[in-house]
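Single-structure report; data block below.
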Amino acid sequence: MSHAFLAPEFLADYSLRTHNTFGFDVRARHAMKIDSVEAAAALCTDKRIANMAQLVLGGGSNIVLTRDFDGVALIVGIAGKRVIAEDDDAWLVEAGAGESWHGFVAWTLAHGMPGLENLALIPGTVGAAPIQNIGAYGLEMGERFERLSAVELATGARVEFDRDACAFGYRDSFFKRAGRGRFMITSVVFRLPKAWTPRAGYADIARVLDAATQCDAQAIFNAVIAVRRAKLPDWTVLGNAGSFFKNPVVSAQAFDALRAREPGVVSYPQADGQVKLAAGWLIDQCGWKGRGIGGAAVHDRQALVLVNRGGATGAQVLELAEAIKRDVLARFDVELEMEPVAL
Ligand code: EPU
């Protein structure tokens with residue numbers, strides 16, 4: 001059953017500065033805040049935006065805005081967190097796409113439902129989490145994912161996606177590929193198993209936990225927060241989009257050749273025989289840490305993070321990214337791939 005809703009306000013010449021974590025001051029010709037599934041479904045018949053380019057924005061934590069947007073920015077504000085089912089094995093928990101990711105993780109723990117603690121403090125919204133299958137400290141969101149609801153923007157159709165339909169990969173999903181730009185995710189359901197086991201194998205986390213008296217979910221949550229605060233810049237102070245590049249995955253053969261030349265290379269063997277390399281290490285070795293172009297710079301504590309030191313533009317960040325890619329390719333013969341989406 002659909003409920004009556006107020007058509008969202010139609011804002012003009014709208015600054016996106018507070019809607020992207022780099023803090024770039026670009027403007028959208030129009031903007032609308034979408035607070036309900038009904039409002040999302042009604043967009044396709046809204047005459048005010050007919051034939052207009054559309055940009056769905058969550059927390060703006062995985063986007064590089066390089067120019068003003070000649071279209072309508074759809075800012076997802078759908079709220080709500082609730083347990084929708086519980087059986088002997090797990091809780092099924094649903095959150096609106098506009099909820100803060102970290103707020104949701106904290107809420108699950110406060111209600112005695114562990115399982116997402118390794119993903120504490122990741123910037124952005126619940127609705128954005130599946131798009132790049134957020135991951136950190138030994139856990140990817142896809143492992144706790146049950147299903148999501150979305151609206152197809154062109155038709156207003158409400159669609160459900162299960163885990164297979166989302167095609168999750170490393171910082172990747174259907175929504176970054178064939179589904180790109182076509183859907184607004186409206187809510188996500190997670191399955192949190194009751195048989196909880198800690199994921200505390202990641203070296204940085206293990207180090208902090210050694211000092212703690214017990215290893216429960218709350219302790220891991222606190223450890224992840226401490227490690228992130230020590231290494232990763234706070235975007236409200238220093239604009240950034242987290243890791244700017246994916247950690248590249250190379251063949252075993254390419255890795256052997258690389259290690260012969262660079263014995264110190266930081267690597268993680270994958271189940272399929274390929275090898276993941278630490279892009280932060282590659283960039284660091286090229287001497288980029290702390291260096292930059294104008295206001296765009298490589299963070300001085302984590303070379304994988306590009307920051308806006310103040311007054312940078314998205315174009316400068318992309319220029320810096322290209323220079324880094326060239327150096328890494330020249331020295332290591334490894335191609336880096338950007339993690340955020342550029343617009
Ligand atoms: N390293 C350096 N120099 C640097 C940065 C890293 O030598 O400037 C080395 C480190 O010493 C370490 C290795 O590279 O041996 C890996 O570094 P780290 O543990 O900091 O993690 P990462 O591989 O750089 C990834 C994710 C992060 C996630 C952390 C923890 C990607 C692209 N990044 O970073 O995710 O928080 O692991 O799990 O997979 C994000 O995606 O936005 C993100 C922050």
Side-chain angles (χ1 to χ4, degrees), residues 20-22 58-64 101-102 105 116-125 128-143 168-173 176 199-209 220-221 223-235 238-250 259 262-270 275-292 297-307 317 321 324-325 327-328 331-332 334-341:
N20 74 104
T21 59
F22 266 116
S61 57
N62 204 45
I63 192 164
V64 185
W101 173 262
H102 177 72
V105 173
L116 294 172
E117 55 281 353
N118 292 57
L119 305 180
L121 220 60
I122 296 182
T125 56
I131 295 177
Q132 65 152 343
N133 185 19
I134 58 171
Y137 306 108
L139 181 72
E140 279 185 350
M141 186 229 61
E143 296 176 63
F168 292 126
Y170 165 56
R171 297 297 189 278
D172 196 35
S173 77
K176 272 187 115 172
R199 285 283 172 97
Y202 204 92
D204 281 342
I205 302 302
R207 217 170 293 130
V208 178
L209 283 171
I220 294 179
F221 179 76
V224 168
I225 290 174
V227 169
R228 291 189 73 99
R229 288 216 168 112
K231 278 200 167 178
L232 297 167
D234 174 355
W235 66 268
L238 193 62
N240 74 87
S243 294
F244 200 85
F245 299 101
K246 293 185 186 183
N247 283 328
V249 178
V250 300
R259 193 174 45 183
E262 306 273 355
V265 62
V266 179
S267 60
Y268 314 94
Q270 302 295 289
V275 182
K276 194 185 261 189
L277 306 175
W281 185 87
L282 301 172
I283 297 166
D284 201 354
Q285 294 300 304
C286 292
W288 272 108
K289 211 182 229 174
R291 283 174 52 209
V298 177
H299 187 47
D300 50 16
R301 273 175 286 156
Q302 185 12 319
L304 200 46
V305 178
L306 303 193
V307 298
V317 167
I324 292 169
K325 282 171 79 165
D327 279 6
V328 168
R331 171 153 170 197
F332 297 106
V334 170
E335 195 129 9
L336 291 182
E337 187 191 335
M338 247 175 88
E339 195 184 276
V341 173

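Along the sequence shown, residues carry numbers from 1. For ligands, and for the atoms within them, numbers begin at 1 and follow the listed sequence.
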Min over S267, S243, G290 of heavy-atom distance to atom 43 (C) of ligand 1 lands on S243
Tell me if a side-chain donor or acceptor on N62 pairs with a main-chain N or O of Q132 at a distance below 3.5 Å.
no
If we only consider heavy atoms of Y268, is any one of them less than 4.0 Å away from an atom in ligand 1?
yes
Least distance between heavy atoms, T125 atom then G59 atom:
CG2-N, 3.5 Å
Those atoms of ligand 1 less than 4.0 Å from some heavy atom in L304:
24 (O), 32 (C)
Return yes when atom CD of Q270 has more than 12 non-hydrogen atoms of other residues, nucleotides or ligands closer than 6.0 Å, and no otherwise.
yes
What I'd like to find out is whether the side chain of E143 reaches to under 4.5 Å of the side chain of F168, using heavy atoms alone.
no
Quick note on ligand 1: atoms under 4.0 Å from a heavy atom of G242 include exactly 42 (O)
Between D284, I122, D300, which one has a non-hydrogen atom sitting closest to atom 2 (C) of ligand 1?
D284
In a check of side chain to side chain contact (heavy atoms under 4.5 Å, CB included) between L304 and each of N247, V298, I324, L282, which one passes?
N247
Return the option from N133, V266, D204, I283 holding the heavy atom at the smallest distance from atom 15 (O) of ligand 1.
V266
Any protein heavy atom lying closer than 4.0 Å to atom 11 (O) of ligand 1?
no
What orientation do F332 and W281 show, parallel under 30°, tilted 30 to 60°, or perpendicular over 60°?
tilted
For ligand 1, which atoms have a heavy atom of E339 less than 4.0 angstrom away?
32 (C), 40 (C), 41 (O), 42 (O)
Find out whether W101 and P123 are in side-chain contact, i.e. whether some heavy atom of one side chain is under 4.5 Å from a heavy atom of the other.
no
Among non-hydrogen protein atoms, atom 14 (O) of ligand 1 lies closest to A278 CB, 3.3 Å
Does ligand 1 have an atom that lies less than 4.0 angstrom from a heavy atom of F245?
yes
Does K289 reach the side chain of I283, with side-chain heavy atoms less than 4.5 Å apart?
no
Report yes if some N/O of A136 lies less than 3.5 Å from some N/O of ligand 1; otherwise report no.
no
At a 4.0 Å threshold, what atoms of ligand 1 neighbour a non-hydrogen atom of Y170?
31 (C), 32 (C), 39 (O)
Below 4.0 Å from any atom of ligand 1, is there a heavy atom belonging to H299?
no
Looking at R171, which atoms of ligand 1 are within less than 4.0 Å of one of its heavy atoms?
26 (C), 27 (C), 31 (C), 33 (N), 35 (O), 39 (O), 40 (C), 41 (O), 43 (C)
Are any of the N or O atoms of K246 closer than 3.5 Å to those of ligand 1?
no
Does the residue Q132 have a heavy-atom contact with ligand 1, meaning some pair of atoms that are separated by less than 4.0 Å?
no
Heavy-atom distance to atom 7 (O) of ligand 1: which of W281, Y137, F244 wins?
W281
Does ligand 1 have a heavy atom under 4.0 Å from the side chain of A303, from its backbone, from both, or from neither?
both
Ionic contact status for E337 with R171, cut-off 4.0 Å:
no
For the backbone of L238 and the side chain of N240, can you confirm whether one donor and one acceptor N or O come within less than 3.5 Å of each other?
yes
Atoms in ligand 1 with a heavy atom of R228 nearer than 4.0 Å
36 (O)
Indicate yes or no: at least one non-hydrogen side-chain atom of V227 is less than 4.5 angstrom from one of R207.
no
For Y202, atoms of ligand 1 separated by under 4.0 Å from a heavy atom:
18 (P), 19 (O), 21 (O), 29 (C), 30 (C), 37 (O), 38 (O)
the protein heavy atom lying closest to atom 25 (C) of ligand 1 turns out to be N247 ND2, 4.0 Å
pair R331-E262: side-chain heavy atoms closer than 4.5 Å
yes
Which atoms form the tightest heavy-atom contact between G142 and N133, and what is the distance?
N-OD1, 2.8 Å
Nearest non-hydrogen protein atom, atom 17 (O) of ligand 1:
Q302 NE2, 4.2 Å
